[in-house]
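For reference, the structure is listed below as structure tokens.
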Protein chains: 2
Amino acid sequence: MITQNKTTDTDNCNYICPVEATLDVIGGKWKPLILWQLKDDILRFNSLQQTLPGISPKMLTKQLRELEEDGIVKREMYPEIPPRVEYSLTDFGRTIIPVLEALAQWGIEYMDQKDTMK
Amino acid sequence: MITQNKTTDTDNCNYICPVEATLDVIGGKWKPLILWQLKDDILRFNSLQQTLPGISPKMLTKQLRELEEDGIVKREMYPEIPPRVEYSLTDFGRTIIPVLEALAQWGIEYMDQKDTMK
DNA sequence: CGGGATCCGACTTGATACTG
DNA sequence: CAGTATCAAGTCGGATCCCG
């Protein structure tokens with residue numbers, strides 16, 4: 001984590017628990033949101049930025065590059081004028097959707113729980 | 001993360017996607033590890049610290065307090081000399097175990113995948 | 001349009017020492 | 001044993017400007 005995020009390959013290469021490995025990939029402030037947006041759609045850079053309130057282009061680029069390196073996201077560039085770049089999940093990236101949905105499911109229950117506590 | 005971790009209650013109170021809510025609770029560098037350790041055991045402060053390589057007492061305290069506030073972890077103090085404090089998951093905390101296991105499962109597959117890519 | 005480069009502050013985290 | 005206090009270091013992320 002979470003970020004806080006990317007454990008480098010040089011420090012202890014095997015994680016204590018594999019949960020860490022997953023959170024290194026999908027954790028952080030923006031990645032879950034990006035993945036959530038790409039779950040059902042292919043999106044361009046600008047569209048992505050608009051769905052993510054307040055993200056700076058720098059951050060968006062950085063997160064997308066990391067997701068790309070991890071084999072989760074595919075970046076397709078069309079050399080037109082003006083340029084167009086589309087982002088989508090790779091097949092491997094799609095394997096994480098159920099995990100995201102499990103997280104979402106629990107999040108919903110958790111928020112309900114917090115509401116009833118008020 | 002997951003931290004970079006705790007989204008304050010003041011900024012937009014409803015998340016874009018509930019995945020965020022979950023990662024606010026279990027994300028970050030240490031929390032998944034702590035939860036993983038408490039999954040099957042009740043542990044004392046020192047035992048926890050020993051299973052988490054390199055965590056400082058300050059960090060451990062902080063993470064445990066946050067988990068406690070979120071209703072995930074129970075802190076039980078025995079006023080003995082020397083003092084003894086035991087940490088365990090609450091019933092609500094246990095509901096997150098399947099989510100952790102889903103994360104772990106994917107993490108294992110992800111690490112395999114990365115190995116074969118080398 | 002889709003970024004890269006640079007700068008900078010705020011917040012997180014770590015190391016170390018100390019205490020009831 | 002189970003922390004707190006203090007200080008230093010690191011990281012994250014935003015702002016701004018620029019380019020092909």
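Residue numbering restarts at 1 for every chain, and letters A, B, ... go by the order of the sequence lines.
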Those residues that, when tested against A:Arg84, pass salt bridge (charged side-chain N to carboxylate O under 4.0 Å, His left out) (two or more places apart): A:Glu80, A:Glu86
C:dG3 OP1/OP2 closer than 4.0 Å to side-chain N/O of A:Tyr87: yes
A:Arg65 side-chain N/O to C:dG3 phosphate OP1/OP2 under 4.0 Å: yes
Phosphate contact (C:dG4 OP1 or OP2) by A:Thr61 side-chain N/O below 4.0 Å: yes
D:dG3 phosphate, OP1 or OP2, under 4.0 Å from B:Arg75 side-chain N/O: yes
Terminal axis angle for the helix from C:dC1-D:dG20 to C:dG20-D:dC1, five pairs an end, nearest 10 degrees: 50°
Pairwise side-chain contact, A:Val73 with A:Leu89, heavy-atom cut-off 4.5 Å (strictly under): yes
Residue pairs involving residues 87-110 of chain B (criterion salt bridge (Lys or Arg N to Asp or Glu O under 4.0 Å); sequence neighbours excluded): B:Lys39-B:Glu101
Sugar-phosphate only, base, or nothing, as touched by A:Tyr78 at under 4.0 Å among non-hydrogen atoms: nothing
Pair listing, ring-ring contact (aromatic ring centres under 6.0 Å, His included) test, anchored in residues 71-106 of chain A, at least two apart: A:Phe92-B:Trp106, A:Trp106-A:Tyr110, A:Trp106-B:Phe92
Per-nucleotide protein contact string for nucleotides 14-20 of chain C (B base, S sugar-phosphate only, - none; heavy atom under 4.0 Å): BB----B
Closest non-hydrogen atom pair between A:Gln49 and A:Pro57, with its separation: NE2-CD, 3.4 Å
Atom pair distance, as rounded to whole Å: CG in A:Leu64 and P in C:dG2: 11 Å
Contact list for DNA chain D against residues 40-47 of chain B - heavy-atom distance below 4.0 Å: B:Arg44, B:Phe45, B:Asn46
Closest heavy-atom pair and its distance - A:Leu67, A:Val25: CD2-O, 3.7 Å
